[in-house]
Colleague: 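I have a structure here, written as structure tokens, and I will follow up with some questions on it.
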Amino acid sequence: MDREEALDSVRANVENENTVKHMLATEAIMRALARRLGEDEEEWGITGLLHDIDMELTDGDMSSHSKLGADLVREMGVAEAMVHAILSHNQAHGIPLETKLDEALFCADPLTGLITAAALVRPDKKLAGVEAKSVKKRYKEKSFAAGADREQIARCSELGLELDDFLELGLKAMRGIAAELGL
Ligand SMILES: [Fe+2]
């Protein structure tokens, strides 16, 4: 499956534009991580792009979220390593994170929310003016974007990345697609 097919599948299954943007942001961070770590950028990027494809089909039911998504993308012919990352990113199923790809998706997913919120509290609501150090400050404010699980973001250590490094990488990656994100 190429990127265009993946995005078509996302659009066919997800109407909420914010959910689509979250998946695009996750893709951007996954691509940046793959480049940093010398991994397969298309594989990692498309995994990020597809990871919440079942969000509306499961209607927020965490007991089926990511299981249905994994079945869906498997039927589309997506490689099993990518299917496993999508399946395991929802830890409600207790499926262990086994690969770097699994770990990358797991920590990139909540970082998009933290960075988006850091942009939205600015008067101009733009990513351009968000600095890496302000993302770090927001990270430490537990009540800020509380849904962005800090422990999950900190799992970047499993990829050998320092937290500061990961926050900056995520910020730069999302800035690179700021227009698409409307930020
Ligand atoms: Fe997600």
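Nothing here was measured: the structure is a model prediction, and the numbers come from that model. When a ligand or atom number is given, it counts from 1 through the structure's own listing order.
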Colleague: Checking side-chain polar atoms at under 3.5 Å, does T99 have a donor or acceptor matched by the opposite partner on H84?
Modeller: no
Colleague: Going by chain and residue number, what protein N/O/S atoms come nearer than 2.8 Å to the Fe ion (ligand 1)?
Modeller: H22 NE2, H51 NE2, D52 OD2, D109 OD1
Colleague: Counting only N and O atoms by type, is there a donor-acceptor contact under 3.5 Å from the side chain of D102 to the main-chain atoms of E98?
Modeller: yes
Colleague: Holding to side chain to side chain contact (heavy atoms under 4.5 Å, CB included), I want the full list of residues that pass it with E15, two or more places apart in sequence or in another chain.
Modeller: E56
Colleague: E42 vs R3, test: salt bridge (charged side-chain N to carboxylate O under 4.0 Å, His left out). Steps then yes/no.
Modeller: CA-CA 8 Å; E42 285 307 303; R3 193 208 179 240; over 6 Å; no
Colleague: Any chance CD of E17 has more than 12 other-residue heavy atoms, nucleotides or ligands included, within less than 6.0 Å?
Modeller: yes
Colleague: Within the side chain of D54, is there an N or O that forms a donor-acceptor pair under 3.5 Å with the backbone of L57?
Modeller: no
